[in-house]
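As structure tokens, the structure follows; a few thoughts come after it.
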Amino acid sequence: MPAPTISFANRLDFTVTVYDSFSTQDKTNYFGTLTSIATVPANTTASVQLIHSTSVLIVSNATSNSPLARLIYLPEVSTGPFGVGPADVNAMAQTMNFITFITDNKNDPLTLAFKDLWKDNSKPQVTPVNQFFAKHHPYANCTFATYMMGITYTAEQPEAKGKPLNQALYSLSTLATLLGGTWPSFLPDIVVTKFTCNTHNDVLALQAGIDLKKLPAQSDAALQFFGSLFNVQQLQVAVSINHGFNMGFLGTRLSISLDAMHVPFGDSATLTINKPTVIIDVNPLFKFIVFTVTGEIPFNIFGKQFEADVSMVIDNIEANFGVVIKGDKTSLPAPPVMKGVHFDTFGVGIGIIFEPPSAAIGLSGQLHIGDPGSGTLVALDDDTFVVVCQLIEEVPNPLYISFYVPQMHLTDVFTVFTNVHCPVDVPVLFTDLSFQWSENPMEPVALPDGSLSNMGYGFSAAANIFDFSFYGDVEIDLTNGLTADIEMAPLALGSIFAIKGDGTGVSVKVDANGNPIKNNQLVTKAAQKQALKDATTKQLVPPGGAVLKLQTLASPFLHLNAAVSLFEVENVHLDADITSSGITFDVGFSGLLTSNMSCTLSDFHNLSAAFQYGINDTIPLPSIGGVSLGSISLQTSVGAHFALSTSSSDIVLKVGGSFDFEGLTRNFGDFTADVNIQTLSDLLSSIVNNIEQNAEQIFGDLLSTGVAWAGKVQQDVITGVNSVASVLQNAFNQDAVQVASTMKDAGFGPEQIVGGLQSAFGMTQLGVAQVMQQVGYTGEQVASALQTVFGSDAAQIASALSGAYGWSADQINGVLGQIGFSANQISQAFQSLGGEFSNFGNSILHDLDPSNWGFP
């Protein structure tokens with residue numbers, strides 16, 4: 001239907017402007033969107049072309065722009081003629097007087113009665129307002145319509161008074177106050193445009209235009225973020241005014257509903273909120289306006305689809321979200337690789353922080369690990385898990401999962417988290433296990449504790465292996481078991497041993513109290529963000545330590561890559577396996593040893609080693625009674641070992657070993673060596689010193705009896721002995737007969753025995769001969785020995801043989817002749833002895849005289 005033309009009569013003495021007041025509410029429009037359609041001079045009737053088939057008209061003073069009347073054109077119902085006259089001016093004057101009265105007399109009963117009409121804006125207000133004015137004679141010509149026009153004029157900003165009504169700027173605080181609301185005295189005013197007033201079923205519906213950049217927000221950051229939610233600066237919003245909490249707010253509320261909102265989320269992503277309602281609250285309890293957005297967000301996490309109602313409240317530094325999950329919020333499925341992990345309950349957390357821009361969205365809740373029925377339930381100190389999400393095409397998608405386990409043995413890790421049997425027989429205890437699952441380990445993200453989500457599924461933890469402390473990441477695979485590169489700190493046991501490596505070190509972030517930052521948190525609050533920013537780095541493992549490679553698919557399961565320094569050998573590359581005995585490895589010493597040194601590092605404080613080497617040293621034997629027992633030339637193979645142990649207060653080096661000598665295995669040690677030993681040669685010297693110091697025990701079988709000792713002297717096993725007889729006499733307390741017997745049994749010759757008796761005991765030839773006779777030597781042997789030791793004195797030898805063996809002169813003559821004495825020497829010797837010997841001597845001389853030889 002085309003818009004009609006109406007007749008309009010201006011019965012006033014000044015020009016008026018006629019505005020089309022448009023609203024979709026038609027006749028319930030009391031102050032709509034204004035469009036100037038005509039200017040009618042004073043006391044003139046004019047034709048006015050309407051622009052809508054059904055029209056609400058607002059007539060104002062063309063000079064002062066003060067409103068005069070509200071007219072309605074309804075086809076076939078209210079078609080005119082229309083006009084404005086003194087009655088309208090009078091009605092508006094009463095209205096403005098009333099507005100002035102209630103403004104100046106806020107506690108007057110009339111004011112309070114009128115204000116009560118607006119307390120429940122959910123009830124019709126047009127009729128009660130009209131009835132109120134009708135009851136009060138000074139304002140009997142006022143109506144709801146004149147009051148709405150009057151408050152808009154009153155609320156006009158001074159700079160807009162001279163402008164047409166469709167260009168007016170309004171004070172929201174004035175409008176709110178005149179509509180029964182309360183505007184905080186400490187809150188700056190809000191200037192609005194395009195104010196409209198409509199009713200629906202007589203219930204007030206207000207709208208106004210706002211400039212998003214001019215709202216009195218809690219902070220510039222909050223205002224900037226709120227403005228970023230829209231692609232325009234000017235926003236037309238609904239205005240609600242309330243006096244109590246029955247509608248969930250107190251004060252003035254501006255709101256707008258949209259189909260969807262794209263919320264800036266961190267640096268570059270956006271979060272879609274479906275069916276959002278944007279709310280701006282002017283609350284007398286706050287010194288700033290409060291921004292709120294409510295709506296819905298869909299989720300699809302590990303195949304579980306659900307929706308969540310969200311409420312985003314924007315404060316000065318962040319946007320806080322309240323989230324209520326619709327429907328089932330239990331039994332969230334875990335990713336397939338996370339065998340044994342059960343998410344029992346969950347909720348959604350969201351947060352946006354303005355500076356620096358960051359945001360977080362995810363799920364958190366409670367979990368249990370293992371199966372109580374099978375006895376594999378894992379004890380947890382903290383049963384909280386978090387699923388941190390990222391936005392892909394504005395939809396939340398899982399990014400990583402984090403949860404913690406206080407401790408687990410390696411075998412339990414296998415049992416609970418994999419489908420394979422643990423093949424490792426070395427006890428490994430993991431503590432402070434920080435589990436993580438990553439959606440894309442090829443694109444790691446920084447976790448709250450400063451680490452990276454660089455593995456598909458696994459955990460970082462401290463590992464204790466024979467009291468060795470390692471730290472690092474362990475990756476879990478359902479089929480292949482576990483793989484890891486975990487580091488230990490550089491280790492030094494005094495100046496003797498050190499083990500280092502290519503470890504880069506491990507550090508974590510800690511809070512002000514030194515507690516590690518947890519990854520199973522959603523950083524949705526600025527305070528959390530600040531705590532992470534203020535976190536300091538704590539070094540768990542310094543760089544330069546050995547790296548342990550753990551893999552359970554095939555042996556070796558625990559392999560250590562390191563560089564070892566032992567005595568003077570430095571930084572030798574080490575490939576060592578960890579067995580049930582500890583860390584075992586070999587070190588070579590380039591000719592000093594006849595074997596590699598086989599080492600076992602059994603724990604963080606104990607190193608043991610075994611090796612073979614050749615000894616070639618002279619070992620002095622002990623002295624007894626000031627008499628040296630000689631020395632031993634020790635040239636043999638030695639099997640040695642040492643144990644190096646440390647504690648908080650001490651370092652101890654114990655050395656021991658054995659060697660074969662003279663048919664027996666002889667042990668030395670274990671003895672405590674000087675921990676300041678610097679070289680292997682020093683160690684070997686300490687072994688020699690210990691053998692020397694303990695020679696009496698080590699070679700005890702050789703020194704236990706005089707016979708044993710003397711036998712080894714005779715065999716040149718024991719050397720450096722000046723007088724065997726003297727040692728037997730003084731060290732073994734033997735008399736002359738015992739000495740002679742011992743030396744004989746040991747294999748010494750008669751001459752050696754005779755010489756020993758002579759030197760040790762100072763015996764005469766007779767005494768020696770008597771001893772020799774007692775120990776079983778023949779006269780012939782003794783005669784020869786006496787000659788060798790005492791010299792060629794035939795008389796002394798003859799006397800000794802006679803005294804010791806009771807031999808006749810004839811017997812002695814024969815022996816002396818056998819040992820080289822001439823007949824003349826024997827004759828002279830016998831003559832000197834007298835008696836029988838003298839006669840026998842003379843006979844020898846007789847026989848020597850040729851004159852006495854008879855010739856045939």
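Excluded from the calculations below are hydrogen atoms, water molecules and symmetry mates; all remaining heavy atoms, backbone and side chain alike, are included.
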Quick one: are Y404 and L433 in side-chain contact, heavy atoms under 4.5 Å?
no
Where the side chain of N397 meets the backbone of V395, is there a donor-acceptor pair that is under 3.5 Å apart?
yes
Salt bridge D485-K549, side-chain N to carboxylate O under 4.0 Å
yes
Verify the ring-centre separation between F346 and F306: is it less than 6.0 angstrom?
yes
Students often mix this up, so state it plainly: with edges at 30° and 60°, are the rings of F435 and F459 parallel, tilted or perpendicular?
tilted
Using the rule given for side-chain contact (heavy atoms from CB on, under 4.5 Å), can you reason through L452 versus L447, listing the C-alpha separation, both sets of side-chain angles and the distance that settles it, and then say yes or no?
CA-CA 6 Å; L452 295 176; L447 302 178; over 6 Å; no
More than 12 non-hydrogen atoms from neighbouring residues, nucleotides or ligands closer than 6.0 Å to NZ on K275, yes or no?
no
If you define the side chain from C-beta out and look only at heavy atoms, does anything of K525 sit under 4.5 Å from N320?
yes
How about NZ on K194, more than 12 heavy atoms from neighbouring residues, nucleotides or ligands closer than 6.0 Å, or not?
no
With heavy-atom distances below 4.5 Å as the criterion, would you say the side chains of P406 and L380 are in contact?
yes
Beyond-backbone contact of F265 with P357, side-chain heavy atoms, under 4.5 angstrom:
no
CG of N515: more than 12 outside heavy atoms within 6.0 angstrom?
yes
Test T270 against every option in H262, E394, E393 by the side chain to side chain donor-acceptor pair (under 3.5 Å) rule and name the one that passes.
E394
Given side-chain contact (heavy atoms from CB on, under 4.5 Å), test V506 with Q539 step by step and report yes or no.
CA-CA 6 Å; V506 180; Q539 190 176 70; over 6 Å; no
Counting N and O atoms only, with roles assigned by atom type, does the side chain of E296 sit under 3.5 Å from a partner on the main chain of A308, one being a donor and the other an acceptor?
no
Test item: T418 side-chain N/O and F414 main-chain N/O as donor-acceptor pair under 3.5 Å:
yes
Strictly distance-based, threshold 3.5 Å: is any side-chain N or O of Q530 a donor or acceptor partner for the main-chain N or O of A526?
no
Closest approach of P396 to P298 (non-hydrogen atoms, all atoms of both residues)
CD-O, 3.7 Å
Hey, what do you get for CE (M312) to CZ (F321), rounding to the nearest 0.5 Å?
4.5 Å
Side chains of F468 and L548: closer than 4.5 Å at any heavy-atom pair?
no
What closest approach, in Å, do P448 and L532 show between heavy atoms, and which atom pair accounts for it?
O-CD2, 3.8 Å
Which of I314, L212, L258 passes side chain to side chain contact (heavy atoms under 4.5 Å, CB included) with L229? Answer is I314
I'd like to know whether N561 forms a side-chain hydrogen bond (donor to acceptor under 3.5 Å, both in side chains) with D502, so could you lay out the CA-CA distance, the side-chain angles of the two residues, the decisive distance to 0.1 Å, and finally the verdict.
CA-CA 8 Å; N561 290 329; D502 298 328; over 6 Å; no
Heavy atoms of A176 and W183 approach each other most closely as CB-CE3, 4.1 Å
What verdict does the salt bridge (Lys or Arg N to Asp or Glu O under 4.0 Å) test give for K326 and D309, after you've listed the backbone C-alpha separation in whole Å, the side-chain angles of each residue and the deciding distance to 0.1 Å?
CA-CA 7 Å; K326 296 181 179 180; D309 289 332; 3.3 Å; yes
Donor + acceptor pair across side chains of T345, Q366 (<3.5 Å)
yes
Interatomic distance, CG@D449 vs NZ@K538, rounded to 0.5 Å, equals 13.0 Å
I need the minimum non-hydrogen distance between Y471 and S460, along with the two atoms involved.
OH-OG, 4.2 Å
Does some side-chain heavy atom of I280 sit less than 4.5 Å from a side-chain heavy atom of I210?
yes
Are Q224 and D220 linked by a side-chain donor-acceptor pair shorter than 3.5 Å?
no
Is a side-chain N or O of S257 found less than 3.5 angstrom from the main chain of T277, in a donor-acceptor match?
no
Taking the side chain as every heavy atom from C-beta outward, state whether L482 and Q551 have any pair of such atoms under 4.5 Å apart.
no
Regarding T415 and T376, is there a side-chain donor-to-acceptor distance under 3.5 Å anywhere?
no
Which pair of heavy atoms, one from V426 and one from I578, lies closest together, and at what distance?
CG2-O, 3.7 Å
Let's go through L367 and V341 carefully: what are the C-alpha distance in whole Å and the side-chain angles of both, what is the deciding distance for side-chain contact (heavy atoms from CB on, under 4.5 Å) to 0.1 Å, and is it a yes or a no?
CA-CA 7 Å; L367 82 162; V341 178; 3.8 Å; yes
Checking Q305 side chain against F299 main chain: does a donor-acceptor pair fall under 3.5 Å?
no
Main-chain N/O of T384 paired to N520 side chain as donor or acceptor, under 3.5 Å
yes
Looking at every non-hydrogen atom in both residues, tell me the closest pair between I401 and M338 and how far apart they are.
CD1-SD, 3.7 Å
Taking C-beta and beyond as the side chain, do I517 and D511 meet within less than 4.5 Å on heavy atoms?
yes
Look at the aromatic rings of F385 and F343 and report parallel, tilted or perpendicular, splitting at 30° and 60°.
parallel
Any chance you could lay out the side-chain hydrogen bond (donor to acceptor under 3.5 Å, both in side chains) test for H368 and D383, step after step, and finish with the verdict?
CA-CA 7 Å; H368 75 272; D383 64 353; over 6 Å; no
Is S438 reaching over with its side chain to a backbone N or O of M455, donor-acceptor style, under 3.5 angstrom?
yes
Criterion side-chain contact (heavy atoms from CB on, under 4.5 Å) on V405 and I369, from CA distance to verdict:
CA-CA 9 Å; V405 175; I369 301 173; 3.6 Å; yes
Report the distance from atom CG of N519 to atom CD of Q436, rounding to the nearest 0.5 Å.
7.0 Å
Say you draw a straight line from CZ of F230 to CD1 of I256; how long is it, rounded to the nearest 0.5 Å?
6.5 Å
